[in-house]
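Please read all numbers here as calculations on a predicted model, not as lab measurements. Basis for what follows: all heavy atoms, side chains included, without hydrogens, waters or symmetry-related copies.
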Amino acid sequence: MKKIILMAMLVIASVARGEDTQTVTSPEGNLKVNINVDKGKASYEVWLDGRQLVTPSALGFVADIGDFTQGLKLNGTRTAKVDKTYTMAQAKASHIHYVANQLDLDFINAEGGRMTVTFLVSANDVAYRYAIPRQKNDNPKCAVILREESAFNFPSQTTTFLCPQIGPFEGWERTKPSYEEEYTADAPMTKKSRFGLGYTFPCLFRIGDDGWVLVGETGVGSNYCGSRLSDYETGKGYTIAFPEQGEFNGIGSVFPGIPLPGNTPWRTLTLGTTLKPIVETTIPYDVVDPLYERTSTFNAGRYTWSWLIWQDNSINYEDQVKFIDLASEMGFEMCLVDNWWDNNIGRERMAELSRYAQSKGVRLMLWYNSNGFWNDAPQTPRDCMSTSIAREKEMKWLKSIGVAGIKVDFFGSDKQETMRFYEDILSDANRHGLQVIFHGCTMPRGWERMYPNYVASEAALASENLVFNQHHCDNEGFELTMHPFSRNALGALDWGGIIMNRRMSKDNNSRNYRRSSDTFEMATGIVLQTAVNCVAMQPNNLSELPQFELDFLRQLPTTWDETRFIDGYPTRYAVIARRHGDNWYVAGINGTKQPLTLTLDLPMMAGKTVSYYTDKPAAKVENAIPEAELRTLKLDKKGKAKVTIQPMGGIILK
């Protein structure tokens with residue numbers, strides 16, 4: 001239920017530094033945003049608990065109907081209180097209560113053009129967007145946004161945790177950009193991005209010892225392009241950047257178009273003196289609403305996936321039966337059949353395979369190539385998702401054989417045309433009762449709430465890279481201790497595998513070495529959030545893994561009622577607590593090469609004796625990893641627990 005109460009007086013907005021300076025604070029009073037108009041230019045700054053975390057940052061945009069970056073005059077303000085409760089089935093919390101103060105600022109530019117900037121400020125989040133009315137004589141009725149001035153400027157001591165944007169038609173089979181580049185940690189703002197194109201959302205900033213800021217956007221579907229941040233410019237900060245012309249094989253404009261009256265998407269900032277608000281934020285969902293009703297029950301759960309380790313050769317009927325049987329044996333809900341299934345298995349036998357899976361209490365998910373014409377990825381099925389006619393035929397068939405959902409791959413663009421394509425796939429899939437995972441793709445922007453059959457996106461340097469290159473095995477800890485504070489903080493992440501093989505091969509005795517412990521891998525099922533989670537077990541794991549590991553994976557939840565940050569630092573370690581029903585799960589992973597001893601504050605487990613999954617120190621031999629063990633642990637009356645996480649190891653308390 002949503003309730004907006006208009007306030008009659010300017011209680012929130014008040015004159016602070018001059019005639020054209022307005023202030024809006026959070027309901028708690030801890031977070032303050034000042035919006036200032038000086039010499040015809042608008043800017044904002046953000047203070048948290050008396051600390052300035054965002055320095056003056058520009059507002060405005062240039063459109064084909066006018067320049068709203070200069071010559072601006074404030075023409076009025078309105079305030080409101082937002083009080084909103086809603087439920088989610090596939091996010092970090094199930095019942096969410098969002099309370100914020102709203103300030104609308106009406107501006108007129110030098111030519112008499114009008115726009116409104118809306119700010120929403122809650123305890124630790126700021127969201128703002130632009131509204132454009134029809135101008136004179138009820139015209140024009142549409143606008144093209146040519147540039148956003150929207151900026152994010154930070155104090156000079158700020159360091160960054162960012163993932164660079166790569167250019168169009170780059171990488172394997174010209175499939176990028178796909179949000180799969182490597183992060184840099186604790187870098188100065190002045191460090192240029194690797195490819196000279198700025199950074200993909202989300203973007204995490206450490207403001208010295210004063211706090212943290214996570215910048216993102218939400219509410220982006222067919223209504224706008226996906227954006228990113230530019231490289232840093234001294235005095236100006238980072239600004240919103242639009243897609244490159246070559247994306248999507250050059251099809252579609254880099255400039256978003258909107259009907260009038262209309263709104264741009266929300267730019268979001270999550271701020272904290274610690275990382276707690278970053279990990280726990282629900283701002284991507286708080287300021288958007290569902291675009292349609294879901295036609296069937298959401299199918300949360302776990303899935304097996306042969307392709308990750310057994311690769312293309314496993315896409316045959318017999319091997320897929322083995323992974324269906326594995327899912328059934330483990331009590332998992334789904335099995336993903338990857339690329340080439342239409343050639344190697346065929347549609348008639350796929351229908352037979354789906355019937356077999358359902359007889360074992362398992363439902364299939366099927367992989368698709370998104371193409372079209374926008375890259376050279378050869379895998380099939382192709383040309384089944386690229387047009388509405390093809391999708392209707394394909395999805396009708398998928399529904400008829402009882403498939404649970406689809407995984408669609410290889411997009412490589414943030415243009416509005418591509419965003420419309422994502423939305424069309426989701427909407428069509430919903431009509432046929434299918435849920436959707438995206439790979440080789442952009443990050444979600446409020447999609448779990450906007451599109452109720454949306455599950456998750458990859459949009460990260462994910463698990464397949466461990467199979468491709470030892471470097472990524474060596475860096476798994478670095479990457480997976482980054483995502484809870486950035487990529488996964490603003491959207492569900494299909495990392496693609498709680499990997500239980502020690503080696504990245506079918507025989508478990510060749511190719512790349514996994515550097516992480518079994519406990520680390522199991523803990524990622526809690527540290528990383530997605531409602532449909534890949535447990536990348538292999539059939540051999542049934543006889544190789546200790547019984548307590550198998551038992552844990554059999555009962556691992558994938559939906560959560562509550563999430564709490566416990567401890568961590570991006571690219572080093574992360575400890576996250578999540579509640580499923582009445583049961584709390586606390587999981588920690590250490591991405592470094594040194595043991596880490598922590599005293600955890602866990603009031604939800606105060607005085608309890610819990611199951612404690614941990615690791616023994618690794619043997620001092622080449623390629624050894626810590627060995628998992630199961631103990632019990634008694635927490636004191638205040639919920640304090642002293643733990644040691646081994647290098648590339650993990651802990652779980654439940």
[X] and [Y]: side-chain donor and acceptor closer than 3.5 Å?
X	Y	result
Thr190	Tyr232	no
Asp494	Thr530	no
Asp125	Thr281	yes
Asn124	Thr270	no
Asp561	Ser94	yes
Ser457	Tyr179	no
Glu423	Tyr451	yes
Thr264	Arg267	no

Any [X] side-chain heavy atom under 4.5 Å of [Y] side chain:
X	Y	value
Phe485	Phe161	no
Phe61	Ile132	yes
Gln157	Asp210	yes
Val215	Val213	yes
Tyr454	Gln90	no
Trp560	Ile576	no

Salt bridge (charged side-chain N to carboxylate O under 4.0 Å, His left out) between Arg572 and Asp186, worked out: CA-CA 11 Å; Arg572 299 180 192 174; Asp186 279 312; 3.5 Å; yes
N/O donor-acceptor pairs under 3.5 Å from side chains in residues 196-207, not counting sequence neighbours:
residue: Tyr199; atom: OH; partner: Lys191; partner atom: O; Å: 3.1
residue: Tyr199; atom: OH; partner: Ser193; partner atom: N; Å: 3.2
residue: Thr200; atom: OG1; partner: Cys163; partner atom: O; Å: 3.3
residue: Arg206; atom: NE; partner: Gly208; partner atom: O; Å: 3.1
residue: Arg206; atom: NH1; partner: Tyr569; partner atom: OH; Å: 3.2

Both conditions, 6.0 Å and 45 degrees, for the charged tip of Arg449 above the ring of Tyr86: are they met here? yes
Could you list all the ring-ring contact (aromatic ring centres under 6.0 Å, His included) pairs where at least one residue sits in residues 250-273, not counting sequence neighbours? none
Just how far is it from atom CZ of Phe152 to atom OG1 of Thr55, taken to the nearest 0.5 Å? 12.0 Å
Atom NZ of Lys41: over 12 foreign heavy atoms under 6.0 Å: no
CZ of Arg194: more than 12 outside heavy atoms within 6.0 angstrom? no
